[in-house]
Amino acid sequence: MTTVVYPGTFDPITCGHLDIITRAAATFPHVTVALLKNANKQPVFTVSQRLELIRRSVAHLSNVEVDAFTGLLVSYMRFKGAGLIVRGLRSIADFECEAEQAAANRHLAGVETTFFMASSEYSYLSSSMVRDIGSYGGALSGMVPSCIEEEVRAALLDINRLR
Ligand code: COA
């Protein structure tokens with residue numbers, strides 16, 4: 001297996017996501033971070049903003065590629081020739097939802113999912129928490145990668161002002 005895929009919405013990428021990506025990159029030869037252009041969600045950051053934030057966050061990881069996809073994850077996996085999905089688990093709540101998704105992907109195409117337990121310092125963290133705190137001008141240090149912290153904070157403050 002040469003490529004594993006770590007999919008998500010990444011609105012925006014957090015230190016928790018980066019923790020999973022870093023550990024996956026140390027475990028597998030090649031990791032594709034795949035951003036879903038999700039018709040069912042209304043992300044705050046545009047696709048190009050989210051891709052750029054992810055790219056900057058993983059720039060130091062030479063075996064990580066960043067891409068976007070639409071449609072079924074298993075179709076994208078087939079297109080990429082990828083064999084395994086990587087997901088992070090923060091809690092029992094994640095487990096229930098992830099177990100369903102893993103079973104669906106296995107049912108659809110026989111594609112397996114492997115899980116990394118979130119590091120304890122990130123077990124509380126989510127993109128919506130970052131969006132909420134950032135929209136009130138709160139500090140995001142330790143929540144999003146430091147190289148994108150100022151940009152995420154400024155963008156969230158702007159979005160809040162326009163509301
Ligand atoms: N650290 C920090 N946050 C984490 C995290 C971690 N380790 N793991 C999950 N999260 C959070 C995210 O921040 C996000 O938080 P938010 O809801 O507050 O914004 C939330 O968990 C879920 O985000 P994400 O991990 O990006 O997953 P998702 O639910 O947006 O996307 C897909 C899931 C893309 C894998 C799934 O919807 C998919 O495959 N869709 C394609 C269609 C398809 O194939 N469907 C059939 C199979 S289900």
Side-chain angles (χ1 to χ4, degrees), residues 3-28 31-47 49-55 57-58 61 64-80 82-136 138 140-146 148-149 152 155-156 159-160:
T3 295
V4 300
V5 170
Y6 179 53
T9 305
F10 306 108
D11 187 36
I13 185 170
T14 68
C15 289
H17 292 125
L18 186 56
D19 170 49
I20 303 294
I21 296 165
T22 304
R23 289 159 56 200
T27 308
F28 300 106
V31 178
T32 298
V33 180
L35 183 150
L36 173 65
K37 297 181 193 170
N38 194 336
N40 302 325
K41 283 192 177 179
Q42 291 181 320
V44 163
F45 290 90
T46 65
V47 168
Q49 279 175 318
R50 283 179 282 149
L51 284 173
E52 177 59 23
L53 292 171
I54 301 169
R55 286 200 174 106
S57 303
V58 303
L61 298 169
V64 175
E65 166 199 31
V66 182
D67 195 12
F69 75 104
T70 53
L72 286 178
L73 177 58
V74 291
S75 306
Y76 175 73
M77 304 268 304
R78 197 176 306 123
F79 165 71
K80 292 294 285 186
L84 189 68
I85 300 164
V86 167
R87 295 287 287 165
L89 285 180
R90 294 164 301 172
S91 64
I92 291 288
D94 276 357
F95 174 81
E96 287 181 1
C97 169
E98 293 297 335
E100 281 179 12
Q101 292 192 29
N105 287 321
R106 204 157 160 244
H107 168 80
L108 283 170
V111 174
E112 296 285 358
T113 304
T114 193
F115 297 95
F116 284 78
M117 291 308 299
S119 297
S120 54
E121 64 266 42
Y122 303 127
S123 59
Y124 71 95
L125 189 55
S126 67
S127 297
S128 54
M129 182 182 288
V130 165
R131 294 195 300 273
D132 190 35
I133 293 173
S135 70
Y136 296 110
L140 297 177
S141 61
M143 301 179 111
V144 299
S146 52
I148 61 167
E149 189 183 325
V152 169
L156 289 170
I159 289 161
N160 202 27

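The structure displayed is predicted, hence computed values, not measured ones. Numbering of ligands and ligand atoms starts at 1, following listing order.
The Gly16 neighbourhood of ligand 1 comprises atoms 1 (N), 2 (C), 6 (C), 7 (N), with distances under 4.0 Å to a heavy atom of that residue. Atoms of ligand 1 lying under 4.0 Å from any heavy atom of Pro7, numbered from 1 in the order shown and given with element: 35 (C). Those atoms of ligand 1 that come under 4.0 Å of a heavy atom in Ser128, given as number and element, are 16 (P), 18 (O), 19 (O). For ligand 1, the atoms closer than 4.0 angstrom to any heavy atom of Arg131 are 19 (O). Residue Phe10 has at least one heavy-atom neighbour below 4.0 Å for each of these atoms of ligand 1: 26 (O). The distance from ligand 1 to the heavy atoms of Ile20 drops below 4.0 Å at these ligand atoms: 7 (N). Each of the following atoms of ligand 1 lies closer than 4.0 Å to a heavy atom of Leu125: 2 (C), 3 (N). Ligand 1 places these atoms under 4.0 Å from at least one heavy atom of His17: 1 (N), 3 (N), 4 (C), 10 (N), 12 (C), 13 (O).
Heavy atoms only, all atoms of each residue included: Phe45 and Ala155 are closest at CE2-CB, 3.6 Å. Annotation for Ala109 and Val74: closest pair CB-CB, 3.8 Å, computed over non-hydrogen atoms. The nearest pair of heavy atoms linking Gly83 to Met77 is C-CE, 4.1 Å.
For the side chain to side chain contact (heavy atoms under 4.5 Å, CB included) with Thr32, the qualifying choice from Val66, Asp67, Val4, Val64 is Asp67, the only one to do so. Tested against Leu51, the residues Val33, Ile13, Leu35 include a single side chain to side chain contact (heavy atoms under 4.5 Å, CB included) partner, Leu35.
Considering both main-chain and side-chain atoms, Asn105 never comes within under 3.5 Å of ligand 1 through any nitrogen or oxygen pair. For ligand 1, the polar-atom distance check against Tyr6 finds no nitrogen or oxygen pair separated by under 3.5 Å. Annotation: Gly71 places no N or O atom under 3.5 Å from an N or O atom of ligand 1; distance criterion only. Residue Thr9 has at least one N or O atom closer than 3.5 Å to an N or O atom of ligand 1. Inclusion of Gln101 in the set of residues having an N or O under 3.5 Å from an N or O of ligand 1 is not warranted. Among the atoms of Arg87, some N or O lies under 3.5 angstrom from an N or O of ligand 1.
Taking Phe115 as the reference, Arg87, Leu89, Glu98, Ala102, Thr113 meet the side-chain contact (heavy atoms from CB on, under 4.5 Å) condition, with sequence neighbours excluded.
Judged purely by atom type and a 3.5 angstrom limit, Ser119 has no side-chain atom pairing as donor or acceptor with the backbone of Tyr122. No donor-acceptor pair under 3.5 Å is formed between the side chain of Asp132 and the backbone N or O of Ser128.
When side chains are defined from C-beta on, Ser127 counts as touching Arg131, because their heavy atoms get closer than 4.5 Å.
To the nearest 0.5 Å, atoms OG1 (Thr14) and CE (Met129) are separated by 10.5 Å.
In terms of protein heavy atoms, atom 45 (N) of ligand 1 is closest to Leu72 CD2, 3.9 Å. Nearest protein heavy-atom neighbour of atom 29 (O) of ligand 1: Lys41 NZ, 3.8 Å. At the shortest separation from atom 44 (O) of ligand 1 among protein heavy atoms lies Leu73 N, 2.8 Å. For atom 15 (O) of ligand 1, the closest non-hydrogen atom of the protein is Ser127 N, 3.6 Å.
Nearest-heavy-atom check against atom 8 (N) of ligand 1 across Arg106, Glu98, Arg90 picks out Arg90.
No more than 12 heavy atoms of other residues, nucleotides or ligands shown are found within 6.0 angstrom of CZ on Phe95.
Using a 4.0 Å heavy-atom cutoff, Asp11 is absent from the residues neighbouring ligand 1.
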Asp11 and Lys41: CA distance, side-chain angles, deciding distance, side-chain contact (heavy atoms from CB on, under 4.5 Å) verdict: CA-CA 10 Å; Asp11 187 36; Lys41 283 192 177 179; over 6 Å; no

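When heavy-atom distances to ligand 1 are checked against a 4.0 Å cut-off, Leu36 comes that close only through its side chain, counted from C-beta outward.
Note: Phe10 and His17 have perpendicular aromatic rings, judged against thresholds of 30 and 60 degrees for the angle between ring planes.
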